[in-house]
Amino acid sequence: MSPFKVTGVEPFSRKNAPVQLREEQMDNTQKLVEISSNLQFVDRDQWPSIEDLAKGYDDYLPPKTAKLDGQSLTLFDGPDATSSFQLMVGDVFSWKGEGSEVSAPGDVFEMRPGVFYLTFADAEQSTERTLVFDQNKGRGWLFESSLTENERGIRTRTVTSTVALPGQQLQALERTSKLVGKHALHRYNDRDWYEHFYLNSGTFSWHCLRGIERGAADTENCAHYEVADGLYILNWTESNLPVESVVLVDFSENRSVGRFFCWEKSVNRTVRMVFGAYSYIANSFQYPALPDN
């Protein structure tokens, strides 16, 4: 058996998976250290295409939920909660906002009781909207990724906003520093293992330990938001490739779900993928106290 495979992954068990991970965590971490010591720098020209990278990342998706099917969510956003949009959830999502109307298939996951991750793209796949919605508090956070163009060609960008049901107060989307100094491991499938180093509240580094991008690494603009204790949103824009990612990671349950919204130059179109992973904190670094001057 591969040292990176946890027995009993199918069917997914929220109760047992973290236990399985903890039992193998130390053994796997040592193996990953040995693997990492044999890796070398990989030039950007040697990275695989986004299309090749997209294969297999849905192997460890958590189960989808139908708990919101048939519900119509009217959510307000903006500094004064004066603008709104309506989202009808089901096999096909229906979105009606100011100046836009979209009907498209979508995905819904319940990562904690009453905390949902919803994502869908428009028919042309020129925009992807991801909503982290806390039904218990009637509010959430919206991430809208789209295409833009600059001197580097077609790139991607994400606009974030806080949203709430009528009568509920908006909760500011504030970055957290609780992940700073943490070293996390994310396993997307039997093939692909990545490590993250959270450097500050707006930057992280990733490194592929095993898989199709083996040895590739980079440092990205990444915002960290805390939804609840141990539950975080990671939103990053890649510097080398036109890629936007929004991930909801639960380090208490060792699970994460997310999506990539990408532009693939070689085929002249967007590529999107929804992925899941087993995720856990491998190490934490405590920074020493520094003098004020």
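Because the structure is predicted, anything quoted here is derived from the model rather than measured. What you see below is based on every heavy atom in this structure, not just the backbone, and it leaves out hydrogens, waters and symmetry mates.
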Sequence neighbours left out, what pairs pass ring-ring contact (aromatic ring centres under 6.0 Å, His included) with at least one residue falling in residues 136-161?
none

d(W95 CH2, Q86 CD) to nearest 0.5 Å is 11.0 Å

Heavy-atom pair of closest approach, residues C222 and L234:
SG-CB, 4.2 Å

Looking at F76 and P166, what are the two nearest heavy atoms and their distance?
CE1-CG, 3.4 Å

Any side-chain heavy atom of L131 sitting closer than 4.5 Å to one from L75?
yes

Check salt bridge (Lys or Arg N to Asp or Glu O under 4.0 Å) between K55 and all other residues, then give those that pass, not counting sequence neighbours.
D52

For H186 versus V249, what's the shortest heavy-atom pair and its separation?
CE1-CG2, 4.3 Å

Carefully, step by step, assess L199 and T219 under the rule side chain to side chain contact (heavy atoms under 4.5 Å, CB included).
CA-CA 9 Å; L199 306 178; T219 298; 4.2 Å; yes

Does a side-chain heavy-atom distance below 4.5 Å link I233 with V247?
no

Partner residues of N240 under the side chain to side chain contact (heavy atoms under 4.5 Å, CB included) criterion, sequence neighbours left out:
R44, W47, D218

E264 side chain to I50 backbone, donor-acceptor under 3.5 Å:
yes

By ring pair (Phe, Tyr, Trp, His ring centres under 6.0 Å), Y198 pairs with (sequence neighbours left out) H196, H224

Going hydrophobic residue to hydrophobic residue with side-chain gaps under 4.5 angstrom, can you get from V102 over to L118?
yes

Result block: side-chain N/O donor-acceptor pairs under 3.5 angstrom for residues 168-177, not counting sequence neighbours:
{"from": "Q171", "atom 1": "OE1", "to": "R139", "atom 2": "NE", "distance (Å)": "2.9"}
{"from": "Q171", "atom 1": "OE1", "to": "R139", "atom 2": "NH2", "distance (Å)": "3.0"}
{"from": "T176", "atom 1": "OG1", "to": "K178", "atom 2": "N", "distance (Å)": "3.1"}

At their closest point, which heavy atom of I281 faces which heavy atom of A184, and how far apart are they?
CD1-CB, 4.0 Å

Could you give the distance from CG (L87) to CZ (F133), rounded to the nearest 0.5 Å?
9.5 Å

The residue among V271, V246, V243 that forms side chain to side chain contact (heavy atoms under 4.5 Å, CB included) with F260 is V243

Determine the minimum heavy-atom distance between I212 and D192, stating which atoms define it.
N-OD1, 3.2 Å

Are C262 and R272 packed together at the side-chain level, in the sense that at least one heavy-atom pair is separated by less than 4.5 angstrom?
no

Ignoring hydrogens and geometry beyond distance, is a side-chain donor-acceptor pair present between T130 and R259 at under 3.5 Å?
yes

May I ask you to test the V108-Y117 pair for a side-chain heavy-atom distance under 4.5 Å?
no

Parallel, tilted or perpendicular for F204 and W236, by the 30°/60° rule?
tilted

N189 side, atom CG; R210 side, atom CZ - distance, nearest 0.5 Å:
9.0 Å

Evaluate T203 against E220 for side chain to side chain donor-acceptor pair (under 3.5 Å), listing each step before the verdict.
CA-CA 6 Å; T203 312; E220 318 289 12; over 6 Å; no

For the residue pair S145 / T158, report whether a side-chain donor-acceptor contact shorter than 3.5 Å exists.
yes

OG1 of T162 to CG of L142, rounded to nearest 0.5 Å, is 9.5 Å

Donor-acceptor pairs under 3.5 Å, side chain of residues 61-71 to any protein atom, not counting sequence neighbours: which ones?
{"from": "K64", "atom 1": "NZ", "to": "D107", "atom 2": "OD1", "distance (Å)": "2.6"}
{"from": "T65", "atom 1": "OG1", "to": "K67", "atom 2": "N", "distance (Å)": "3.1"}
{"from": "K67", "atom 1": "NZ", "to": "E110", "atom 2": "OE1", "distance (Å)": "2.8"}
{"from": "Q71", "atom 1": "NE2", "to": "K67", "atom 2": "O", "distance (Å)": "3.2"}

Please collect all salt bridge (charged side-chain N to carboxylate O under 4.0 Å, His left out) contacts where either partner lies in residues 230-240, sequence neighbours excluded, each pair once.
none

R214 and L209: which non-hydrogen atoms are nearest, and at how many Å?
CG-O, 3.9 Å

Could you please spell out the steps behind the side chain to side chain contact (heavy atoms under 4.5 Å, CB included) verdict for L179 and F251?
CA-CA 11 Å; L179 291 179; F251 284 121; 3.9 Å; yes

If you count heavy atoms of other groups shown closer than 6.0 angstrom to CG of N150, is the number above 12?
yes

Please determine whether the number of non-hydrogen atoms from other residues, nucleotides or ligands lying under 6.0 Å from atom NZ of K182 exceeds 12.
yes

When you compare the side chain of K265 with that of I154, does any pair of heavy atoms fall below 4.5 Å?
no

If hydrophobic clusters are built by linking Ile, Leu, Val, Met, Phe, Trp and Tyr wherever their side-chain heavy atoms come under 4.5 Å apart, do L241 and F261 end up in the same one?
no

Residues two or more places apart in sequence or in another chain: which of them pass salt bridge (Lys or Arg N to Asp or Glu O under 4.0 Å) with E144?
R129

Any luck finding a side-chain donor-acceptor pair between Y60 and D190 under 3.5 Å?
yes

Does D43 CG have over 12 foreign heavy atoms under 6.0 Å away?
yes

Going through the distances and angles, do F116 and V132 end up as a side chain to side chain contact (heavy atoms under 4.5 Å, CB included)?
CA-CA 6 Å; F116 297 90; V132 176; over 6 Å; no

I'd like to check the ring pair (Phe, Tyr, Trp, His ring centres under 6.0 Å) partners of Y188; sequence neighbours left out, ordered by chain and number.
Y57, Y194, F275

Y287: which residues meet the side chain to side chain contact (heavy atoms under 4.5 Å, CB included) condition with it, sequence neighbours left out?
V180, F285

CG-CZ distance between L73 and F93, expressed to the nearest 0.5 angstrom:
9.5 Å

Could you verify whether a donor N or O on one side chain and an acceptor N or O on the other, from E124 and S126, lie under 3.5 Å apart?
no

Do any pairs count as a ring-ring contact (aromatic ring centres under 6.0 Å, His included) and have a residue in residues 154-182, sequence neighbours left out, and if so which ones?
none

Can you tell whether the side chains of D250 and R112 come within less than 4.0 Å, N to carboxylate O?
yes

Check whether N136 reaches the backbone of P113 with its side chain - one donor and one acceptor, N or O, closer than 3.5 Å.
yes

Under the salt bridge (Lys or Arg N to Asp or Glu O under 4.0 Å) rule, collect the residues that match up with R269, sequence neighbours excluded.
E51

Show your working on side chain to side chain contact (heavy atoms under 4.5 Å, CB included) between V227 and L248 and close with a plain yes or no.
CA-CA 9 Å; V227 177; L248 182 61; 4.2 Å; yes

Atom CD of E253 and atom OG of S279: how far apart are they, to the nearest 0.5 Å?
12.0 Å

